[in-house]
Amino acid sequence: MSTATKSVIVGTAGHIDHGKSALVEALTGTHPDRLAEEKRRGITIDLGFAFLEEEGVRFGFVDVPGHERFVSNMLAGAAGIDVLLLVIAADESIKPQTREHFDICRLLGVKRGVVALTKRDLVDADTLELVRMETEEFLRHSFLERAPIVPVSSKTGAGLEELKKALKTAAANVPGKDAARYFRLPIDRAFAMKGFGSVVTGTLISGSVGAGDEVELFPGGDRLRVRGVQSGGHAVERATPGQRTAVNLAGIEHTALKRGMALAAPGKFRKTRRIDVRLESLASVRKLKQGAKVHFHAGTAETIAEVFLHGEKELLPGGSAFANLKLQEELLLLPGDRFIVRQFSPVVTIGGGVVLDALARRPMRRDTGRAAFLEILEKGNHEEMLAAMTERALFGLNLEEIVARTGWLENEIRAAAQKLSATARVRVVAAEPLVLVSGKLFEEVRKKILEKVEKFQKENPLLPGISREDLRASLGKRVRTETFRAALEDLTAQGKVETPGELVKKAGSEIALRPEEAKAKEQIEAAFAAASLAVPSVQEVLQKLAVETKRAEKLLQILLREKSLVRVSPDLIFHRQALAQLKEQLFTYKKAKGDRISVPLFKELTGITRKYAIPLLEYLDRERVTRRAGDERVIL
Ligand SMILES: Nc1nc2c(ncn2[C@@H]2O[C@H](COP(=O)(O)OP(=O)(O)O)[C@@H](O)[C@H]2O)c(=O)[nH]1
Ligand SMILES: [Mg+2]
């Protein structure tokens with residue numbers, strides 16, 4: 001009976017010459033050293049890979065170099081390890097890189113493993129027992145405290161079956177990975193393959209990838225097409241998390257690809273140069289000072305980082321703190337990603353930690369809420385995190401931004417937003433696409449809108465209200481359109497403002513015209529109504545009134561806003577009825593004489609001069625009543 005195969009990555013760790021590579025070969029039949037130089041010198045320089053299939057488990061082995069000079073290669077391999085295979089030679093016991101590799105795996109958050117005491121054929125039973133005790137002591141209070149310790153010999157094959165059994169038990173405890181998450185593959189190798197083109201390999205840490213997918217290359221940003229995918233040496237339809245994966249890419253030279261880059265779902269994430277982290281220092285190192293430069297390793301990437309400690313001047317050995325890291329090169333990082341820091345010089349591992357905010361701001365003294373915020377990012381649930389992020393976002397957050405900041409799936413974000421919308425902390429100002437703002441920001445926008453409307457009406461008593469567009473602009477760019485719209489709707493629903501047409505006004509407010517103004521307004525309208533199409537000039541009409549010109553102009557504005565009058569050209573205004581009649585006339589003409597009319601015929605039909613005819617025809621074109629065709633108009 002076939003069961004679904006589980007893919008599990010086993011990573012070796014341990015001091016040089018302790019038999020890591022030999023053990024991988026003994027277990028899998030594949031010697032992991034690939035490079036000619038490795039074969040010649042008999043040491044592992046770079047990562048090696050091998051596979052083993054055992055009763056429903058597909059083990060991908062990542063063999064790392066033990067030499068201290070190649071720890072950065074080791075680090076590239078350690079990302080994505082599910083099960084640690086800690087190798088300690090029975091004839092040498094614990095050595096410096098045993099400790100360093102072990103620290104690294106602990107800092108990277110590796111949760112389980114198996115210990116192999118190699119070269120048991122070289123020691124007697126007493127020595128083996130001694131090394132076992134030293135190993136138990138070494139692992140006390142660590143994540144490997146209860147891990148099986150298996151003496152083996154790659155030479156005689158002793159203990160190999162027991163070790164395989166221990167690996168299977170550990171593999172059974174590796175939690176299943178969700179292939180539905182966003183695809184992410186840190187690249188550890190890039191090369192060209194005859195007949196295929198560019199190929200990259202890596203441990204698939206999230207999501208899945210298959211032929212035909214579009215992927216984004218980080219940090220470059222290129223969008224690339226996947227031609228094919230292999231996993232464990234076989235072509236597969238889709239590679240899933242926890243698999244060693246080779247991706248054949250179209251449209252790029254292999255020389256443009258290298259270790260440290262990453263492939264990811266397209267358009268979801270942003271590269272970053274500033275991250276806020278929980279930084280942990282190893283107990284055995286010197287204290288870390290504010291502003292220190294360190295080597296930074298995450299995934300398969302490596303760069304230099306400058307450390308700014310939030311709230312502290314230095315990080316004591318064995319301590320931990322919130323820190324902001326400024327990276328020399330831009331990387332793709334997401335919250336939850338683990339990293340290692342190594343001393344700038346001499347290069348030794350001094351600590352590591354976890355990314356809390358991958359798109360962090362520059363540290364600022366006045367940003368006093370950051371520590372509390374990072375605490376929530378570190379310990380909070382999705383709702384608490386989303387609320388805190390929204391509260392710190394000056395403009396609020398939309399769905400895309402939340403995905404880029406968190407790596408959460410859309411349904412997770414919507415579920416958290418849904419729960420939050422019942423509280424006053426967060427306001428869902430748009431559902432599709434989702435936009436969230438803090439309750440506080442929303443209240444501020446509401447208040448500002450009311451203030452602006454009131455101020456406008458005080459300053460412009462003869463205008464019926466402020467235009468939506470002007471109101472929106474007066475709030476500045478910091479207010480998203482969605483926030484503005486929702487706040488306005490809220491105010492309308494509460495009966496605080498009214499929004500007739502394109503205007504916004506205080507609820508119940510009317511233009512307060514004085515008697516002489518009301519009369520003048522009527523006079524203006526009457527003058528244009530009486531003129532029909534042979535309209536007088538605006539000056540002419542306004543001068544005849546008993547109110548001063550400035551007020552008269554405001555009254556004219558009111559009539560235009562009410563659409564009683566229509567401005568056809570900069571200096572021609574017509575009464576609405578006159579224009580309605582004109583359109584009527586054209587339709588009658590069309591029925592009787594066809595849909596074409598020349599300018600002279602139009603003049604004749606309407607009895608007006610060229611001075612009026614041309615602007616009117618252009619107005620009618622704009623209104624889609626007519627369409628220009630050469631010297632004539634087509635009545636539509
Ligand atoms: N006698 C004996 N030699 C071993 C055993 N495992 C590895 N070796 C030898 O130890 C040396 C280093 O092994 P290697 O696998 O390259 O160590 P690595 O640096 O940890 O990968 C090689 O010469 C191996 O042949 C073992 O179980 N017994
Ligand atoms: Mg080796």
Side-chain angles (χ1 to χ4, degrees), residues 9-52 59-78 81 83-105 110 113-132 134-135 138 144 148-167 188-189 201 203 244 259 349:
I9 301 287
V10 179
T12 62
H15 200 72
I16 182 161
D17 266 347
H18 275 203
K20 296 181 291 299
S21 301
L23 183 57
V24 170
E25 184 178 18
L27 288 168
T28 66
T30 309
H31 197 283
D33 285 352
R34 300 170 285 115
L35 307 177
E37 190 188 352
E38 290 179 323
K39 299 220 166 91
R40 184 164 45 76
R41 288 170 63 185
I43 70 161
T44 308
I45 294 170
D46 206 343
L47 303 173
F49 308 99
F51 301 93
L52 176 67
F59 289 100
F61 282 84
V62 178
D63 183 41
V64 305
H67 196 290
E68 61 171 324
R69 271 187 45 217
F70 305 126
V71 173
S72 63
N73 290 342
M74 179 270 168
L75 275 161
I81 289 181
V83 176
L84 171 63
L85 177 54
L86 183 63
V87 171
I88 300 171
D91 61 338
E92 287 202 337
S93 195
I94 289 143
K95 299 286 258 185
Q97 266 66 55
T98 318
R99 293 179 192 283
E100 185 168 21
H101 285 191
F102 183 68
D103 283 337
I104 287 170
C105 291
V110 178
V114 175
V115 185
L117 299 183
T118 51
K119 308 195 188 184
R120 76 173 279 185
D121 56 292
L122 295 184
V123 297
D124 57 28
D126 286 351
T127 313
L128 185 64
E129 210 35 51
L130 197 66
V131 173
R132 180 195 280 279
E134 280 176 3
T135 302
F138 173 62
L144 288 189
I149 299 174
V150 186
V152 294
S153 168
S154 303
K155 203 158 193 178
T156 67
L160 288 179
E161 281 315 307
E162 198 190 332
L163 183 61
K164 277 188 192 171
K165 226 156 110 199
L167 286 172
D188 51 36
R189 281 189 301 161
T201 67
T203 299
R244 285 296 310 164
R259 174 177 295 174
T349 302

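Atoms within each ligand, like the ligands themselves, are counted from 1 in listed order.
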Does H101 use its side chain to pair, donor to acceptor, with the backbone of G14 at less than 3.5 Å? yes
Using a distance threshold of 4.0 Å (strictly less than), state whether atom 2 (C) of ligand 1 has a protein heavy-atom neighbour. yes
T98 and S93: which non-hydrogen atoms are nearest, and at how many Å? OG1-O, 4.4 Å
Is atom 5 (C) of ligand 1 in close reach of the protein, with a heavy atom under 4.0 Å away? yes
Of D121, L160, D17, which has the heavy atom at the shortest distance from atom 12 (C) of ligand 1? D17
Any chance you could measure L122, atom CG, to L128, atom CG, to the nearest 0.5 Å? 11.5 Å
If we only count heavy atoms from C-beta on, is the F61 to L167 side-chain gap below 4.5 Å? yes
Flag atom 23 (O) of ligand 1 as yes if some protein heavy-atom distance to it falls below 4.0 Å, otherwise no. no
Protein residue, atom and distance nearest to atom 27 (O) of ligand 1, heavy-atom basis: S154 N, 2.8 Å
With nothing but distance in play, are any N or O atoms of T118 less than 3.5 Å from an N or O of ligand 1? no
Carboxylate-amine/guanidinium proximity below 4.0 Å for R259 and D46: yes
Point-to-point distance, once rounded to the nearest 0.5 Å, from CG of D33 to CZ of R41: 11.0 Å
Within the stated cut-off of 2.8 Å, is an N/O/S atom of T44 closer than that to the Mg ion (ligand 2)? yes
Looking only at protein heavy atoms, identify the closest one to atom 15 (O) of ligand 1 and say how far it is in Å. A22 N, 2.7 Å
Ligand 1 versus L122, non-hydrogen atoms closer than 4.0 Å: side chain, backbone, both, neither? side chain
Residues D188 and R244 bridged, charged N to O under 4.0 Å: yes
Closest by any non-hydrogen atom to atom 14 (P) of ligand 1: pick that one out of G19, G42, A26. G19
Give the single entry among K119, R120, K155, Q97 that approaches atom 11 (C) of ligand 1 most closely by any heavy atom. K119
Measure the distances from the heavy atoms of I43 to every atom of ligand 1 and state whether one is below 4.0 angstrom. no
Does S153 come within less than 4.0 Å of ligand 1, judged by its heavy atoms? yes
If you round to the nearest 0.5 Å, how far is OG of S154 from CZ of R120? 12.0 Å
Using side-chain contact (heavy atoms from CB on, under 4.5 Å) as the criterion, list what pairs up with I81, not counting sequence neighbours. A78, V110
